Amino acid sequence: MKPAPFAYVRAENLDQVFDLLDEHGDDARILAGGQSLMATLNMRLSAPEILIDINHIDGLSDIARDGTTLRIGALARHSQVLESSDVARMAPLIAKAMPHVAHQAIRNRGTFCGSIAFADPAAEMPAVSRAIGAKMLLQSRNGTRSVEANDFFLGLFETAMQPDEVLIGVEVPEIADGERTAFMELARRSGDYAIVGIGVQGRLDGGKFSDMRLVFLGAGDRPVLASAAGDALNGNPHNEETVAAAQSALDADLDPMADLNGPPEMKMHLARVLTKRALTAFAA
């Protein structure tokens, strides 16, 4: 299919973007990498009046370190994030999950922040951003505000970003000494969206879990923090009994929807399987 007709503007600065957002509101879409947007346009799942191309605005493509915080700009491509030594060192969970994002050609064009803003519940980066405690930087004509990842994802493709705001970057805290990570997902083919996936960050000190954050993708209408499973792990040793308790606790955490991949029962089974595999990798 071909997209419905739309206007296109190559924005030269953020002030121009804000002017266009004021004029068109919900009928405008921001074009960065276009990884997901172009597909929805071609399938006519999205029919905006205007695309606002921000690719030529200076200062939005950097990955910069400021003390113990890493800032990933709105135009940083997936491949740029994957190749960053700062990301590998300060946010290893991003580095582990990034190879699962689509294929190299798409990673060369798609952006880390675009994936966050699109908020597909089956995508890797929204789930990872919750697991590591990232903050989303939203700018409008009135200034910049920061939103915790836990508060950013509101529902299916729905975020806390307002129509007059642009996601200009994501702040990532440096992983603390002693923290570990694991990421796993199941997909029909390499590069597909996950049927179910899991990102884990936490500690295993003296053989016992603590500060565990398990976030699932493809298991709800947004990336889901499995709080009950985390509680089942914290303070307990890594053994089969503890892992089984975390698997059982997922009944309180997850309520997956049926989709083209299968029914909720199948997704719950896969979530339990992935939990055990991820915790085994986490403890290795």
Side-chain angles (χ1 to χ4, degrees), residues 91-101 119-134 149-150 153 155-156 175-176 178-190 192-284:
L93 187 56
I94 293 177
K96 288 179 180 177
M98 189 58 80
H100 296 273
V101 175
D120 190 320
E124 293 83 1
M125 292 306 117
V128 166
S129 72
R130 284 203 71 178
I132 64 178
N150 281 340
F153 302 102
L156 192 63
I175 189 169
E179 282 193 309
R180 304 178 179 211
T181 62
F183 182 88
M184 290 191 175
E185 70 175 37
L186 293 170
R188 291 183 180 273
R189 292 172 296 271
S190 175
D192 279 4
Y193 279 108
I195 300 173
V196 178
I198 181 174
V200 182
Q201 185 158 315
R203 298 177 181 276
L204 186 63
D205 298 323
K208 290 187 176 182
F209 293 107
S210 62
D211 300 327
M212 294 297 289
R213 293 177 61 83
L214 288 69
V215 179
F216 285 85
L217 52 147
D221 65 353
R222 71 198 78 180
V224 181
L225 176 64
S227 301
D231 291 342
L233 294 170
N234 290 329
N236 292 310
H238 175 240
N239 56 35
E240 290 191 5
E241 182 180 4
T242 299
V243 172
Q247 290 175 298
S248 297
L250 294 180
D251 287 336
D253 289 319
L254 304 182
D255 185 20
M257 300 176 292
D259 59 22
L260 294 176
N261 289 312
E265 294 80 5
M266 184 198 76
K267 291 201 165 206
M268 284 299 300
H269 171 71
L270 295 179
R272 293 189 183 96
V273 170
L274 278 180
T275 297
K276 184 173 183 178
R277 291 180 183 177
L279 291 175
T280 299
F282 180 87

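For this chain, numbers begin at 1 and follow the sequence in order. Given the structure is predicted, the values throughout are model-derived calculations rather than measurements.
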Hey, could you give me the [atom1]/[atom2] distance between [X] and [Y], rounded to the nearest 0.5 Å?
{"X": "Met268", "Y": "Leu254", "atom1": "CE", "atom2": "CG", "result": "5.0 Å"}
{"X": "Asp211", "Y": "Gln201", "atom1": "CG", "atom2": "CD", "result": "10.0 Å"}
{"X": "Asp259", "Y": "Met266", "atom1": "CG", "atom2": "CE", "result": "7.0 Å"}
{"X": "Phe153", "Y": "Asp221", "atom1": "CZ", "atom2": "CG", "result": "12.0 Å"}
{"X": "Arg272", "Y": "Ile198", "atom1": "CZ", "atom2": "CD1", "result": "12.5 Å"}
{"X": "Thr280", "Y": "Met184", "atom1": "OG1", "atom2": "CE", "result": "7.5 Å"}

[X] and [Y]: which non-hydrogen atoms are nearest, and at how many Å?
{"X": "Ala182", "Y": "Ala278", "answer": "CB-O, 3.5 Å"}
{"X": "Asp192", "Y": "Arg188", "answer": "OD2-CB, 3.9 Å"}
{"X": "Leu93", "Y": "Ala131", "answer": "CD2-CB, 3.6 Å"}
{"X": "Ala249", "Y": "Ala232", "answer": "CB-CB, 4.3 Å"}
{"X": "Pro126", "Y": "Ala119", "answer": "CG-CA, 4.4 Å"}

- Message: If you apply the rule side chain to side chain contact (heavy atoms under 4.5 Å, CB included), what do you find for Leu233 with Leu279, and how did you get there?
- Response: CA-CA 10 Å; Leu233 294 170; Leu279 291 175; 3.8 Å; yes

Strictly distance-based, threshold 3.5 Å: is any side-chain N or O of [X] a donor or acceptor partner for the main-chain N or O of [Y]?
{"X": "Glu179", "Y": "Arg203", "value": "no"}
{"X": "Arg213", "Y": "Arg130", "value": "yes"}
{"X": "Asn234", "Y": "Met212", "value": "yes"}
{"X": "Asn261", "Y": "Ile195", "value": "no"}
{"X": "Asp253", "Y": "Ala229", "value": "yes"}

- Query: Do the non-hydrogen side-chain atoms of Ser210 and Asp205 ever get within less than 4.5 Å of each other?
  - Reply: yes

- Task: Tell me, please, which residues at least two apart from Asn236 pass side-chain contact (heavy atoms from CB on, under 4.5 Å).
- Result: Thr242

- Message: Under the rule for side-chain contact (heavy atoms from CB on, under 4.5 Å), what residues qualify as partners of Arg180, not counting sequence neighbours?
- Response: Leu204, Phe282

- Query: Which of these, Glu185, Arg222, Met125, sits in a side-chain contact (heavy atoms from CB on, under 4.5 Å) with Leu217?
  - Reply: Glu185

- Can you list the steps and then say if Leu225 with Leu214 is a side chain to side chain contact (heavy atoms under 4.5 Å, CB included)? CA-CA 6 Å; Leu225 176 64; Leu214 288 69; 5.9 Å; no

- Message: Looking at Asp255 and Lys267, is there a salt bridge between them, counting it only when a charged N and a carboxylate O are closer than 4.0 Å?
- Response: no

- Go through the steps for Leu250 and Thr275 under the test side chain to side chain contact (heavy atoms under 4.5 Å, CB included), then give the verdict. CA-CA 9 Å; Leu250 294 180; Thr275 297; 3.4 Å; yes

- Evaluate the criterion side chain to side chain contact (heavy atoms under 4.5 Å, CB included) for residue pair Val196 and Leu186; output intermediate values, then yes/no. CA-CA 6 Å; Val196 178; Leu186 293 170; 5.6 Å; no

- Describe, in one word, how the ring planes of Phe183 and His100 are oriented to each other, choosing from parallel (under 30°), tilted (30 to 60°) and perpendicular (over 60°). tilted

